[in-house]
Every structure is written in structure tokens, then in C-alpha cells.
Amino acid sequence: MAELLTSAQMRAIEADAMARGDADGATLMERAGEGVVAAALAEWPDLEAGPKAALVLCGPGNNGGDGFVVARLLAERGWRVDLFLFGTSDRLPPDARRNHDSWAAMGRVRPWDDAAVAAHLAGGEADLAVDALFGSGCTRGIGAIAARTAAALEVFRAAGGRALAVDMPSGLCTDSGRDLGGVLPATLTVTFHRARIGQFTAEASAFCGRVVIADIGLDPAGRCPGAVALVQAPGPRIGKAGAVGGHKYSHGHALVLAGGPGRTGAARLAARGALRVGAGLVTLAAPGSAQLECACHLTATMLRRVDSAEDLTALLDDPRFSALCIGPGMGAGPREAALLAASLASGRAAVLDADALSLLAAAADPFAGLRADCVLTPHGGEFARLFPDLAERLASRAARGPAFSRVEAVRAAAARSGAVVLLKGADTAIAAPDGRAAIHAALYERAAPWLATAGSGDVLAGLVTGLLARGRPAFEAAAEAAWLHAEAARRFGPGLIAEDLPEALPAVFRALDL
């Protein structure tokens, strides 16, 4: 998994490199400007054809310093550059001031004028607009100073204009991806060394365009403690390849609890997901009143009658059951509360979804019995019922400073509950009780809007369960299931319904060469 950084972590990496003598601030700023120009030319090769016109917006910090480097490099290529500076040159940081002075010896520095910048964009004078206004240093919205520019950039971008953000579109929170109150939208965002957490959130993706990482000479192998992982394609360990001599029990046995008649579909979807992801056996546990309904739909999935918590406890005397899926379509009455308690008392790895989460939220001690090998899979509403204070912080819009992020919320939720928490969404956030965190971003080229269909979450619960049954640790199982879930949807495409997701998995595995 690739690392995603906060703005503070990136600053610490740069400071450490400078303290070791690997680079100084001026060198890093020069490399950043070079990386921006190289990324722009790679993204839009026609810009190489001859001198063009650029509009460069510089801010009062080091992001503005990067912008001065970009302006100078483009001018050296023969481009006409119009540059606006927010703030005054005498208050720029030293490295930014040096690059300001280098640019000032070549071209004009115009004072910030929101209306003038917007008119420039509307006049079609720019082949490339560069936002180096605030970048990752933004701690408040910029609507008060750049509302017209933001609106003009949106029109410019919609008409095919090239709008490039240096490090982060100004007005977005780097750590949460939240709109702080006015954002300059980009077609391409060029960030440095590592991507930022905020660039892989659903809210920010609407403003970032495409994200490219430019190398500025920092240690590529260096790891940042506490960094958030970006979930990527799983490796061979997830497949059955190499299991010569194995048998169905060596690939785990998953048990999925079903609801009563007319409500078994969700559990059957979960069971199918667990089976397709590689669990050696999957059993559906349903009450007697739903046995016939389930039997009419099941073939490879086995069926057992479970009417009460005592029945479930007796069934789980079989040590070969390795993971449980509790909640999809199960119901949330006293019987189901007893089933949930019996499931947790069994000590098995477990996925708690849907009705199981509602039962937890209604309990006097919601997190009693949860362990690090349990995975909670709430959507936003379920998360709010389980963790109302964290959800309230997520919903709030601070006037200034970093916004509370989904990653921070799930980290706090995992620490509080003692379980892995997977908060579903296009920017699925996952955290373990030990503080590890990851984002699975079904965004940009991995967008899968077809997942917004009834039952898709039940399949995801089944995928996590199947991986748990096969022995994957809970945090890894949650992350890998999220990736497989979105990839199956992408492979199937428009018209997807939940039943299609498990059936698309074999093609996903073939593409992974598993």
C-alpha cells in the first residue's frame, strides 16, 4: 500500500532531509517547480508545440514560491506569463522571496485582484492556469478573497481549460479533503513526494481533477510513522495459488446468519460473496421458517437451521467454523440480539454489518465483546448511531484550521470499540485498534458509481467474512475486500446489481494472475 501524508508529516519529511543535508529549501522549491512544469507538459503534450500563455497565481507562502519558479521556467521556454501575488513580497518566506526576486527581474508581479484574475480567465487569454496561491498550507476558505476566481476557474475548466494546482487546490483542507469555504478547482493537481490524505477523499476529488506525484529528490524508500495507507491491488497471498494439497477446510468455513422469511436475500448475497472470494465452505444459518426460501436459492452454500442463540452455540461447537457474518437482513429484535451475543461469545472472527450495528448502537454497552478480529462495516448513518460524537465532528465545518477527517473519525472509532472499523463510501476509511489506517478510494480512474445499488454492502460484508475465514487478519481483510468490491464493479460496469458482484470476481482474480 502506498502512503498518504498529512501536511505536517510532509513538512517533517522535508525538515528532516534539510537537517541531514540532503537538500535545502531553495533546492526543494526549484525541484517542485520543475516537477510542476514537467507534469503539465506530460499531461498536455500540445503545450510543447510552441510558446503559450500562462496565468500564475502566487500566494504568501512557499506554495507561492513554487509558483514563481514555475513562472520563471515557463518564461524561459518563451511563454507569456501573467502573474498575480496575494500579499506583499516583503512578507514572503526567504526561499519564496528569492524566487519572487528572480521572477521580478524577468516579468511583472501584479497585486492580487480577484475581479482582474476572473476577467483574465474569462477572456480566454491563458493556455494554462496555475494555482500556487495557498496549496497544502490552507487553513481557511478562500471565498472571501477569490470567489470570482473560483467561479471563473470552474467555467474555464468545464470548457476544457487546463487548470493546474500546485500541491493542493487552494481552499481544500490537505488532511481531510474538506472544502474550507471556497476552492480553486483544478484539472490536474501536482503534489510532491507522496500524495496527501485529502486528495483521496470524495469531496476533494471533485476539485483535484487528476493527481500526479512529482519527485523532488526526497528518500523514496523512507517510511513515515503513522502514515495512512492507500489501498491498492492485493498480492498473491489473497489467492488460492500455491495451495497444492489443500482442501476446502484449509480455506476456512464461513457462517452467515440469515433473517426470517422474505428477508434472507441480504444474507444470501453475503454468503455468495464469501464463497466467491475463496472461503472453502460457506454455511447459511436461517430460522426454520425461512429454510424453504433459502433452499430454493442455494446450491454451493450449505444451509443449517438456527432458531435461537442456543442453536447457534451448539452449531459453533464445530471448531471448523472460522469466521461469522452477522447482520445483513437479520433483524434487530430480542432473538437477534441473543444471536449477536452468542456469536461474539464464540470468540470467532466476525463481521458486523447492518442490523448487527443497529443492535450494538441500542445496547447499554455497545462494544462489549468486540475484539481486534471483529470488523464493523457501517455506512454514514450507522456510524452516526454508533459514534454520535465523532459523526457530529465530521459534520461540523470549522471556521479555521484542519477539518476533522474520516480517517481521524475511524481511528477514534476503532480505538473506542476495540474492533476494525470500515466506514463505507467512495472514500472508504478503514482503521484498526492499534492505530493503523487506510483509505480505499473508488475515485478518479477507479470510480465505481454503480456500487450505489441495493445489496452491494451485503456483498462487501461477505467478502470481508470470506477473507477472515481464510485466515487474513481483520485490517488486511477489510482493505482487500474494499478493493475487490470496487474492482468487481468496475469490471462489470453500468447496469450492475448486487448479484453481479460475486460473479465478477473470477475475472478480477484472473487479471491479478491469482
Side-chain angles (χ1 to χ4, degrees), residues 253-274 281-298 301-371 373-379 381-383 385-386 417-419 454-455 457-462 464-466 468-469 498:
H253 190 169
L255 181 68
V256 181
L257 303 188
R263 293 190 288 113
T264 66
R268 288 187 280 107
L269 284 169
R272 189 69 174 177
L281 299 97
V282 178
T283 293
L284 195 69
S289 57
Q291 292 281 295
L292 182 59
E293 177 181 316
C294 290
C296 290
H297 292 279
L298 301 179
T301 298
M302 297 181 291
L303 180 61
R304 295 292 295 270
R305 180 171 178 169
V306 170
D307 288 305
S308 66
E310 292 74 21
D311 292 340
L312 178 59
T313 299
L315 181 61
L316 291 175
D317 281 343
D318 184 344
R320 291 177 294 186
F321 285 109
S322 47
L324 310 180
C325 181
I326 315 157
M330 185 176 73
R335 169 187 172 273
E336 290 75 30
L339 288 173
L340 174 59
S343 299
L344 294 176
S346 75
R348 302 302 206 286
V351 175
L352 281 69
D353 186 47
D355 290 333
L357 300 176
S358 297
L359 287 168
L360 287 184
D365 186 358
F367 309 122
L370 295 181
R371 304 173 307 280
D373 60 354
C374 295
V375 181
L376 312 183
T377 57
H379 55 57
E382 291 162 341
F383 187 87
R385 292 194 291 275
L386 281 167
S417 65
D458 303 317
V459 177
L460 175 61
V464 182
T465 306
L468 286 176

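Everything numeric in this text was worked out from a predicted model, so none of it was measured. All values below were derived from every heavy atom in this structure, side-chain atoms included, with hydrogens, water molecules and symmetry-related copies excluded.
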J.: Just grab all the side chain to side chain donor-acceptor pair (under 3.5 Å) pairs involving residues 256-274, residues at least two apart or on different chains.
T.: T264-R268, T264-E293, R272-E503

J.: With side chains defined as the heavy atoms from C-beta onward, is the minimum distance between D311 and R305 less than 4.5 Å?
T.: no

J.: If you measure from CZ on F383 to CG on L376, what distance do you get to the nearest 0.5 Å?
T.: 10.0 Å

J.: Can you name the closest pair of heavy atoms from V256 and A271 and give their distance?
T.: CG2-CA, 4.0 Å

J.: How close do A254 and A274 get, counting heavy atoms only, and between which atoms?
T.: CB-CB, 4.4 Å

J.: Is any side-chain heavy atom of T465 closer than 4.5 Å to one of L324?
T.: no

J.: When you compare the side chain of L315 with that of R304, does any pair of heavy atoms fall below 4.5 Å?
T.: yes

J.: Kindly compute the distance separating CG (D355) from CD1 (I326), expressed to the nearest 0.5 Å.
T.: 12.0 Å

J.: Please report the closest heavy-atom contact between G259 and A290, naming both atoms and the distance.
T.: O-CB, 3.8 Å

J.: Quick check: do L357 and L386 have side-chain heavy atoms less than 4.5 Å from each other?
T.: yes

J.: Measuring from L257:CG to C325:SG, what's the distance to the nearest 0.5 Å?
T.: 7.5 Å

J.: Can you tell me how far apart OG1 (T377) and CG (D353) are? Round to the nearest 0.5 Å.
T.: 3.0 Å

J.: What closest approach, in Å, do P328 and D458 show between heavy atoms, and which atom pair accounts for it?
T.: CB-OD1, 3.5 Å

J.: Which value, rounded to the nearest 0.5 Å, describes the distance between L352 atom CG and L340 atom CG?
T.: 5.5 Å

J.: Apply side-chain contact (heavy atoms from CB on, under 4.5 Å) to residues L344 and C374 and explain how you reach the verdict.
T.: CA-CA 9 Å; L344 294 176; C374 295; 4.2 Å; yes

J.: So, R348 side chain and S343 main chain: donor-acceptor pair closer than 3.5 Å or not?
T.: no

J.: Which heavy atom of G288 sits nearest to which heavy atom of D307, and what is that distance?
T.: N-OD1, 2.8 Å

J.: Got a second to check how far L281's CG is from L255's CG, nearest 0.5 Å?
T.: 11.5 Å

J.: Keeping E382 on the side-chain end and S358 on the backbone end, is there a donor-acceptor pair under 3.5 Å?
T.: no

J.: Would you list the pairs meeting ring-ring contact (aromatic ring centres under 6.0 Å, His included) in which at least one residue belongs to residues 348-369, sequence neighbours left out?
T.: F367-F387

J.: Do you know the tightest heavy-atom contact between L316 and S346?
T.: CD1-CB, 3.6 Å

